[in-house]
Amino acid sequence: MVQLQLNLLEKLRQNNPIVLTIANTVTPAKVADAVSAIGASPIMSLAPQEATEMVTLADAITINLGTINAEQANEVTAVLRKNQAQQKPVVLDPVAIGASRYRLTFAKGLLQNYHFTVIRGNAGEIATLANADWNSQGIDAGSGQADIHEIARKVAKKYHCIVILTGQTDIMTNCEHDFTNQLSTPYFATNVGSGDMLSSIIAAFLAVSNDSYAAACTAIKIFTAAGVKATRESSGFGQWQIKLMDELTTISSADIPSIM
Amino acid sequence: MVQLQLNLLEKLRQNNPIVLTIANTVTPAKVADAVSAIGASPIMSLAPQEATEMVTLADAITINLGTINAEQANEVTAVLRKNQAQQKPVVLDPVAIGASRYRLTFAKGLLQNYHFTVIRGNAGEIATLANADWNSQGIDAGSGQADIHEIARKVAKKYHCIVILTGQTDIMTNCEHDFTNQLSTPYFATNVGSGDMLSSIIAAFLAVSNDSYAAACTAIKIFTAAGVKATRESSGFGQWQIKLMDELTTISSADIPSIM
Amino acid sequence: MVQLQLNLLEKLRQNNPIVLTIANTVTPAKVADAVSAIGASPIMSLAPQEATEMVTLADAITINLGTINAEQANEVTAVLRKNQAQQKPVVLDPVAIGASRYRLTFAKGLLQNYHFTVIRGNAGEIATLANADWNSQGIDAGSGQADIHEIARKVAKKYHCIVILTGQTDIMTNCEHDFTNQLSTPYFATNVGSGDMLSSIIAAFLAVSNDSYAAACTAIKIFTAAGVKATRESSGFGQWQIKLMDELTTISSADIPSIM
């Protein structure tokens, strides 16, 4: 069993860690606002020349492959190489990794050469990393027959990291322990960038704890609780996007038990 | 006369087609959310290396020239070349095409070498393609003396495609038939990206019908109906943006007659 | 003392100036919507090939360094070089300039070679340009001991321009006169892109006045008044983002005195 550390939320707001996101170009504003709203400080960069200083500046890093191309690949590599000496926590978000060999080859290369604290993806993305049979649907999870607990554990074991497979049920594993989270709302799937936001929020929590697994599980519990609370207060998808931002700024650790 | 196929909306939600948008970097989140909200599945890419697989994956494609540069031009060309064998429906959105020779030359080259199912633009953009006298205002339509029905028909005839000229009145033509749509709200013009959203939503409708003209006309009717409904329920521009997202997820074909 | 020219707001809405923003890739949609909402016409470009025509088209220009890289640096330089002959007003937004030598070196090179009408940044960014001792926090202002009035004046004197240092108190100086603005809300800091939006809105006001200092001070007063008014009408951060857009479209010069 993992012991959630819900008061990491208040610690995060006090410490205001800097989260460097090598972001896709679709949802960077949502990611930056979510990181800012929860109480951390977002920074992004497109220049490989900045990699060294950005890593030094950052308290945690998220690598998002959503619109990876040759130029950004250079920066991702520069950031990860620099981080080998600094060992800041790193989250990998392998967006739509099954959509092209280019994306998959690049991601697998990263996973072989660098250590990630956390990989966060949907079932389709984690299944792709596990070489499991699965029909991904572009950026969406799609559907398949593989046991999602099993594929998460397989990827965690293969890459010696925490794997977070998000969906209607979120599954977290560090190989030794599993944690599932049932807090969910269909709006997470409709909202493009929910996963991107979560990946960078996980990084923010990793920055304020030495127990990465507890921090990652806590981040998910708090983010999904905010999403569920937002759903209760909103009458449609657009409204929910707004309420989610409201909730991320105001939710406290004391709110969580009543939502769970 | 075109016969609208309003129940394509429900078919779209059932089939959940994948819409590949080669997007501008200004409004990709709005486009992705709109495509997701209406019930399709958005994907974007910045890497020419992914073009082949992205086209194969996609059920329809939108090419948006809003922030075209040399690197993205490579990807656009790769996508369209690959699509010559696959013949997925393609929408061209020639954003601010009158603003530079670079943009115009690139767009005309595309139109000469590849077939587009639909061109969607404002009066300034369609007038530029028709070599008509017009004062465009950057990304905005501007004003001019040309007959907008005539210039739409001229471009449709020249490029053997459906032309959709959007504005206070939307004009659709496939040369044989014209269709006009009066559903409108000034917020469409204030909201940067309304046209971008519509172009990718049109692609989603093209993906679920063999009658491209009926599908395109239906897409416009539904999108503008959602915009009009959102206006009735909102007290300002920001509110409207939110309500539009609400409406895109909840509007049904049965709602349309009462809005028209 | 500067005499605010509040009725520039109505002039702006009448003239509908085109504001070219060489934008970062994080917040371009927010910037474009803000420029559109206040009554100007936004345009953006990523292609150096368009620089000449974009400058000719534009009534004012904003250069935002938030995600500067080698390719965008080419375009920024092309735009500024072209503008030497045209002398359109230019705002520089040196986002997170203290975060890397790459960013700082590029910005200082620009400041040595080209004249900017306005530099707008937070305390950390202006302190970096003044070589003052300061702990910047990524894109956030951070904290330091330097006198913020003094560093603003130092930068204004060094680069012969108007300097706008925004924060809880906004400080504007053209060396001869200082102006301070107390209208503020904590949501400006939470919202990623508030500064980006303001920089491009300042450009819009510069486009409709020959008195740059009065226009810049007026722009800040109106933007912050909209932010304060939005705060009074909203119950959370997300709501505030929406209300800010509502206010930007509806606020009038007559509203300002009651907010100040």
Side-chain angles (χ1 to χ4, degrees), chain A residues 13 15-59 67 71-72 74-75 226 229-230 233-234 238-251, chain C residues 23-34 46 65-73 95-106 122 124 135-143 186-197 234-246:
Chain A
R13 287 181 181 147
N15 290 16
N16 187 227
I18 296 180
V19 176
L20 170 64
T21 301
I22 308 301
N24 65 54
T25 60
V26 183
T27 62
K30 293 188 185 193
V31 170
D33 271 342
V35 167
S36 176
I38 200 77
S41 186
I43 196 159
M44 294 174 177
S45 164
L46 293 179
Q49 299 94 325
E50 297 188 314
T52 296
E53 289 155 291
M54 286 286 166
V55 170
T56 303
L57 183 71
D59 297 300
T67 50
E71 192 183 4
Q72 201 182 40
N74 286 338
E75 192 185 9
K229 206 150 169 269
E233 294 160 4
S234 59
Q239 269 291 324
W240 176 85
Q241 293 183 307
I242 297 313
K243 285 285 174 190
L244 178 63
M245 283 295 162
D246 285 358
E247 289 303 330
L248 289 176
T249 57
T250 56
I251 202 165
Chain C
N24 65 54
T25 60
V26 183
T27 62
K30 292 189 185 193
V31 171
D33 273 341
L46 294 179
L65 303 184
T67 50
I68 193 75
N69 63 3
E71 193 181 4
Q72 202 182 37
V95 182
I97 202 182
S100 82
R101 270 164 306 169
Y102 174 74
R103 224 172 260 228
L104 184 57
T105 305
F106 180 66
N122 63 33
N135 292 309
S136 295
Q137 168 84 346
I139 61 167
D140 294 327
S143 59
Y187 290 135
F188 277 135
T190 306
N191 179 46
V192 178
S194 296
D196 304 332
M197 294 158 82
S234 60
S235 56
F237 168 52
Q239 271 290 325
W240 176 85
Q241 292 183 308
I242 298 313
K243 284 286 174 190
L244 177 64
M245 283 295 163
D246 285 359

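Letters A, B, ... mirror the listed sequences (proteins, then strands); counts begin at 1. Only this structure's heavy atoms are used, side chains among them; waters, hydrogens and symmetry mates stay out.
Using a 4.5 Å cut-off between heavy atoms, C:Gln137 touches chain A through backbone and side chain atoms alike. In this structure, no portion of A:Pro48 lies under 4.5 Å from any heavy atom of chain C. Within the 4.5 angstrom heavy-atom criterion, atoms from both the backbone and the side chain of C:Ala99 approach chain A. Of the two parts of C:Ile242, only the side chain, counted from C-beta on, holds a non-hydrogen atom closer than 4.5 Å to a non-hydrogen atom of chain A. For a residue to count as touching a neighbouring chain, one of its non-hydrogen atoms must lie under 4.5 Å from one of that chain's; by this rule A:Glu247 does not touch chain C.
Between C:Trp240 and C:Tyr187, the angle of the ring planes lies from 30° to 60°, which puts this pair in the tilted group.
Applying the salt bridge (Lys or Arg N to Asp or Glu O under 4.0 Å) test to residues at least two apart or on different chains, the pairs with a partner in residues 40-50 of chain A are A:Glu50-C:Arg103. Legend: salt bridge (Lys or Arg N to Asp or Glu O under 4.0 Å) pairs involving residues 32-44 of chain A, not counting sequence neighbours, sorted by first then second residue: A:Asp33-C:Lys30.
Between the side chains of A:Ser45 and A:Glu75, at least one donor N or O sits under 3.5 Å from an acceptor N or O.
Using modelled atom types, one side-chain atom of A:Thr249 and one backbone atom of A:Asp246 make a donor-acceptor pair closer than 3.5 Å. A donor-acceptor contact shorter than 3.5 Å is absent between the side chain of C:Asp140 and the backbone of A:Ser41. In terms of modelled atom types and a separation under 3.5 Å, the side chain of A:Ser36 and the main chain of A:Ala32 share no donor-acceptor contact.
The candidate with the highest count of non-hydrogen atom pairs below 4.5 Å against chain A, out of C:Gly236, C:Ala73, C:Ser100, is C:Ser100.
For residues 18-29 of chain A, the interface with chain C (any heavy-atom pair closer than 4.5 Å) comprises A:Ile18, A:Pro28, A:Ala29, sorted by residue number.
Qualifying salt bridge (charged side-chain N to carboxylate O under 4.0 Å, His left out) partners for A:Arg13, counting only residues two or more places apart in sequence or in other chains: none.
The OG1 atom of A:Thr250 sits 12.5 Å away from the CE atom of A:Met245 when rounded to the nearest 0.5 Å.
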